[in-house]
> 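Dumping the structure here so I can ask a few things about it.
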Amino acid sequence: MGLISNNPSVRSYIYMIIFLGPALFLILFFWILPVFSTIFLSFTNMGMRKPNWEWVYLKNYMFVGAHPFSQKVAINTLVYVGATLAFNVLIGLLLAILTFYMDDRTSLVYRALWLLPRASPPVVYGLLWLWVLDSSEYGLLNQLLAPIYGKPVPWLVNYAMPGIIVINGFIGASFSLIVFSSALKAIPPDYLMAARVDGASELRIVKDVILPLMKWPIMFVTAWQTLSLLASYEYILIVTDGGPFFETEVWSLFAYHQAFQHLELGFGAALAMILVIIALIAVLIQMKLFRFREMITPVKIEHT
Amino acid sequence: MGRSQEIYIRAPRFGNINRILGKAVLYGVVTAMTLPIIIMYLWLFMQSVSEKVLIGFIPSGFTADGWRFLWGPVKFGEVLLPPIWPITLNSLIIALGVTGIEVSIALMAGYALSRLRVPFRDSFLILIIILHAFPGITLLIAIFYLLNVMGLINTLLSVIIAKAALEIPMATWLIKGFFDAVPWDVEASALVDGCSRLQAWYKVILPLVKPGVAAVAIFAFLAGWNEFIYALTFIFDPNLYPLSIHIIGLIGEFRYVDYTLLAATALFYSIPPLVFFVITQKAFMKVPLVGMKGA
Amino acid sequence: MVRVKLDGLSKYFGEVKAVDNLNLSIKDGEFVAFLGPSGCGKTTTLLMIAGIYRPTKGRIYFDDMDITNIAPKDRNVGMVFQSYALYPHMKVYDNIAFPLKLKKLPKNEIDRKVKQVAKLMQIDHLLDRYPRQLSGGQQQRVALARALVKDAYVLLMDEPLSNLDAKLRILMRAELKKLQKELEVTTIYVTHDQVEAMSMADRIAVMNEGRLQQYSTPDELYDKPANIFVAGFIGSPPMNLIDATFREDSGGYLVDAGSFKLRLEPGMGEVVKNNLTGQEIIFGARPENMEIVEAAEDNTIEGTVYVLEPLGRDLIVNVKVNDYMIKALTKPGVNLNPGDKVWLKVDLDKIHIFDKKTGKAVI
């Protein structure tokens, strides 16, 4: 590119601006700046209904502790993240191992089916569950269980949290399924052959050969899913919207409600800030754990 | 490895009867686990074309009534539902906008991070790695505030640009992975053969990463099409509502009135994702893995 | 086509000196091989000549023109990569035509040239295929055709034969050499295989750890290795290298390896004495210069047969002398068994003596 400049170092700066500039701009505006804005907002009493605002310093954070529901929300979040994670990993692992023993074509069909919830719009997936768990006699579960219970059960009232866990679990299990399936495929067939030659039963092979090799994928899925579960609330928003009476209100949804329903941007930001800090710490731990730094490979063509 | 060998390795070595029994249990368990998904999506389809669906998936009384929103206004008593096509157009604008911005920007950044020796490359890479694992949704409140200050709130552009921006680290990381897979020799060869770096990029490398870029483009499109939280938060004008918000409205108000209409609308909204999904399911199954090379 | 001159060429990757102060000239039309173990800097040098890597220090000249800062596309070099680096999305025809299209040659001329070079490389029946449909040998020919078609000033080859099977490799060796002589294109050929380098190149640059060890003709490299590295690297089976001391006594000059002593001719001894920095030497003798005799004579080494390696045409006899092993080359048919006591008679005209401290050859 003699057109631009013949000085190699000037040229590399120009390339940086052309190629990385747009991405950098968006990242600055939608990631870096928001982090600082969240900090800023969390120290104010800004609200959408109020024309003026003032600094309240740590008041919002103190109110987090004092809020009558924050303890409940925190416990909800722990239960939700923990249980959903367990559901994801266990179901995903079970499915991955079972489909591993099928022929390729069949296992592909099953994995594709499991990906359907992830591929279809969240609103539609949420709608499907609303119908399955419908409290009236028309809900699927109530139709199926009518012979046993006799009268319809209000699932999303009586069993709101388990419902939310299963709904999110089906989405997350597809992620684990893909990760685990690929990891299983990557196991050198020699290991399995050697174990069979040694006379191991299939159950033993799963226990002694396959599972130990799945340690890293399981850790990866756990780390990854913990973060996305902490932050995502879209399915809860659609299905229960945190109800009934804070039963399924998790931290991120709490922040959302405070900001956009009660229109308290400042308090919402303080709640979000706590999530941001947790997420940042988790990401840094992940980076160390999974040696992300090693993914930085050198450039092998120096001419630009 | 040959296919027959693979099957040979995987087939559990039971006796003949045991083996058939084992297979039956295997398929039985997996099918049972998958049943909720199968039934739910089957119901969606059946419900959209029948008056009533019995125990989940048995249709009774065929009707095209649910799809009447496609050709005319729908009225419930006093309430007139808005026409579907402008709403669909809003969804399409968001999806295409996200795709265009996200792919073009990620394509440039991914290429530079994979292939160019630019200043601060390593720092930028670390930033991308951190961000692509960081849940951007936690920043929603602040993004709302910033868009509001900028006067961009209540526009389709606000949804498009916020969605694209929050997807860019992931997209960049994916596209970088595709560029990484092109052997250095091939690019070096193009340079020796007389290409400038830019020519090598578009004559040799781009054709090789096209399938990957297409996959990322489809994901971007779906992310935009499926999006509802940003739309719910940033858009107040009903004329700008995309399909997702329209359906949330239907769920809230008319769930018990006309299930057929709701199912048909939901199915209509799901058509692009489902079609793309059928085309690119293999890509779907690979992509989440790109981030875990170091594991 | 052109002369190539490397002037103080260096390439550092951080602390690692991949190439360190390389100076050498290549004549117009010459076939030069860069030979060395992996990691010796030979490929790095080649990539600097192609313009893919930027030298840390030093200049590169084609004839008298300094091309150090010129873009690869403007250097007019042809290159064959170890992986061939064919463009997977282009048919063979388009792969070969690619450099010409970039030169914006008229279509009919491109067509003529592609067909001509395809015929030369005997791949004219493959032009319609994609690279993935070709065998390794065919891909190799396409890569070569692509490098040749543009009438490059310099032809660069990076281990082009290493991915072929043994038989094809020997065939291509002869073919490449013949082709190069016919086309008279200045050629730089990188390899770690000494047989390849010795059989094809006019001159060989032996490299190790980023430094040039010796740059001369194959014969000279074999007969007069400049240092211990070259002596050990060139030749198969390799030269016997034995620690010894050099000293002068009443009878003249002596090489003393402890378990044996060899008396040098006075003339040779003088030369050694004058060039040596100390007394420590490495004594070297090629296996074919060791004759196996059945009784002690002057200047023989006593040992026992350890193992025999029959190679068909030759027989390598491993003789254990004290705690080290000496290899001798002989013809099959001799009656030897492991455990036999033998004497090795050294051809004193053909021995090598290296200064242990500097590693350099003394004679």
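Quick note on labels: first sequence line is chain A, next is B, and so on, each numbered from 1.
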> In Å and rounded to the nearest 0.5 Å, what is the CE to CZ distance from Met33(B) to Phe170(A)?
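CZ of Phe170(A) is found 8.0 Å from CE of Met33(B).
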> Below 4.5 Å, heavy-atom pairs only: which of Asn148(B), Leu146(B), Ile247(B), Leu107(B) has the largest tally toward chain A?
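Answer, by heavy-atom pair count under 4.5 Å with chain A: Leu146(B).
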> Going by the side-chain contact (heavy atoms from CB on, under 4.5 Å) test, name the single residue among Ile248(B), Ile245(B), Leu243(B), Leu232(B) that passes it with Val123(A).
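Among Ile248(B), Ile245(B), Leu243(B), Leu232(B), the one that satisfies the side-chain contact (heavy atoms from CB on, under 4.5 Å) with Val123(A) is Ile248(B).
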> How long is the gap from CD on Gln47(B) to CG on Leu127(A), to the nearest 0.5 Å?
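So the CD of Gln47(B) and the CG of Leu127(A) are separated by 9.5 Å.
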> Give the ring-plane orientation class for Trp201(B) versus Phe19(A), where under 30° counts as parallel, over 60° as perpendicular and anything between as tilted.
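Answer is perpendicular, since the angle exceeds 60°.
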> Let me confirm one number: the OG1-OH distance from Thr138(B) to Tyr233(A), rounded to the nearest 0.5 Å.
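Here the interatomic distance stands at 9.0 Å.
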> Checking heavy atoms, do the side chain of Leu274(B), its backbone, both or neither come under 4.5 Å from chain A?
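Leu274(B) touches chain A through side-chain heavy atoms alone.
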> Against chain B, label Leu271(A) side chain, backbone, both or neither, depending on which of its atoms sit under 4.5 Å from a heavy atom there.
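Neither part, no heavy atoms under 4.5 Å.
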> Test Leu26(A) against Ile161(B) for side-chain contact (heavy atoms from CB on, under 4.5 Å), laying out the working first.
CA-CA 8 Å; Leu26(A) 280 190; Ile161(B) 194 165; 4.0 Å; yes
> Tell me, side chain or backbone of Pro169(B) under 4.5 Å from chain A's heavy atoms, or both, or neither?
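Only the side chain of Pro169(B) comes within 4.5 Å of chain A.
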> Can you say whether Ile91(A) sits under 4.5 Å from chain B via the side chain, the backbone, both, or neither, judging by heavy atoms?
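For Ile91(A), the contact with chain B is made by backbone and side chain together.
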> Should we count CZ of Phe40(A) as having more than 12 external heavy atoms under 6.0 Å?
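More than 12 heavy atoms, drawn from other residues, nucleotides or ligands, come within 6.0 Å of this atom.
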> How many angstroms lie between CG in Leu20(A) and CZ in Phe120(B), if you round to the nearest 0.5 Å?
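If I round to the nearest 0.5 Å, the distance is 11.0 Å.
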> Can you say whether Phe134(B) sits under 4.5 Å from chain A via the side chain, the backbone, both, or neither, judging by heavy atoms?
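It is both, since atoms from each part get that close.
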> Sort Phe29(A) into side chain, backbone, both or neither according to what part of it lies under 4.5 angstrom from a heavy atom of chain B.
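The answer is both parts of Phe29(A).
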> Does any heavy atom of chain A fall under 4.5 Å from the side chain of Tyr111(B), the backbone, both, or neither of them?
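Only the side chain of Tyr111(B) comes within 4.5 Å of chain A.
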> When you compare the side chain of Met102(A) with that of Val30(B), does any pair of heavy atoms fall below 4.5 Å?
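Heavy-atom side-chain distance check passes, below 4.5 Å.
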> Rounded to the nearest 0.5 Å, how far apart are OG1 of Thr172(B) and CD1 of Ile27(A)?
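Nearest 0.5 Å value for the OG1-CD1 distance: 6.5 Å.
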> Within a reach of under 6.0 Å around CD1 of Ile271(B), are more than 12 heavy atoms found that belong to other residues, nucleotides or ligands?
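Enclosed: over 12 neighbouring heavy atoms sit under 6.0 Å from CD1 of Ile271(B).
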> As a quick check of understanding, evaluate side-chain contact (heavy atoms from CB on, under 4.5 Å) for Val132(A) and Trp43(B), giving each step before the final call.
CA-CA 10 Å; Val132(A) 170; Trp43(B) 169 78; over 6 Å; no
> Check whether Leu237(A) gets within reach of chain B through its side chain, its backbone, both or neither, counting any heavy atom under 4.5 Å.
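Side chain of Leu237(A) only, per the 4.5 Å heavy-atom cut-off to chain B.
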> Out of Leu166(B), Ile143(B), Leu140(B), which one racks up the most heavy-atom pairs below 4.5 Å with chain A?
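Answer, by heavy-atom pair count under 4.5 Å with chain A: Leu166(B).
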> Below 4.5 Å, heavy atoms only, C-beta onward: do Pro121(A) and Ser244(B) meet side chain to side chain?
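Not touching, per the 4.5 Å side-chain cut-off.
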> Less than 4.5 Å to any heavy atom of chain B: does that hold for the side chain of Thr38(A), its backbone, both, or neither?
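Both parts, backbone and side chain.
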> In terms of heavy-atom pairs under 4.5 Å, which option from Pro119(B), Ala165(B), Ala263(B) contacts chain A the most?
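Top count of heavy-atom pairs under 4.5 Å with chain A: Pro119(B).
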> In sequence, state the C-alpha distance, the side-chain angles, and the governing distance for Tyr125(A) and Tyr41(B), and then conclude on side-chain contact (heavy atoms from CB on, under 4.5 Å).
CA-CA 9 Å; Tyr125(A) 178 71; Tyr41(B) 285 87; 3.7 Å; yes
> Please flag which part of Leu191(B) lies under 4.5 Å from any non-hydrogen atom of chain A: side chain, backbone, both or neither.
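Only the side chain of Leu191(B) comes within 4.5 Å of chain A.
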> Name the region of Thr265(B), side chain, backbone, both or neither, that has any atom closer than 4.5 Å to a heavy atom of chain A.
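Neither part.
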> Pick one of side chain, backbone, both or neither for Leu267(B), based on which atoms fall under 4.5 Å of a heavy atom in chain A.
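For Leu267(B), there is no contact with chain A at all, as no heavy atom is under 4.5 Å.
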> Go through the atoms of Phe260(A) and report whether side chain, backbone, both or neither lie under 4.5 Å from a heavy atom of chain B.
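Contact with chain B is through the side chain of Phe260(A) alone.
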> Where on Phe124(B) is there a heavy atom nearer than 4.5 Å to chain A: the side chain, the backbone, both, or neither?
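For Phe124(B), side-chain heavy atoms alone lie under 4.5 Å from chain A.
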> For Leu41(A), is it the side chain, the backbone, both, or neither that has a heavy atom closer than 4.5 Å to a heavy atom of chain B?
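Only the side chain of Leu41(A) comes within 4.5 Å of chain B.
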> Judged by atom type as modelled, is there a donor-acceptor pair below 3.5 Å linking the side chain of Trp131(A) to the main-chain atoms of Met40(B)?
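No: the side chain of Trp131(A) does not pair with the backbone of Met40(B).
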> With rounding to the nearest 0.5 Å, note down the distance linking CZ in Phe25(A) to CD1 in Ile168(B).
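The distance works out to 11.0 Å.
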> If I measure from the heavy atoms of chain B, does Leu177(A) come under 4.5 Å with its side chain, its backbone, both, or neither?
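The answer is neither part of Leu177(A).
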> Quick check for you: among Leu113(B), Thr233(B), Leu131(B), Leu127(B), which has the greatest number of heavy-atom pairs under 4.5 Å with chain A?
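Highest number of heavy-atom pairs under 4.5 Å: Leu131(B).
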> Evaluate Tyr27(B) against Thr106(A) for side-chain contact (heavy atoms from CB on, under 4.5 Å), listing each step before the verdict.
CA-CA 10 Å; Tyr27(B) 286 94; Thr106(A) 322; 3.4 Å; yes
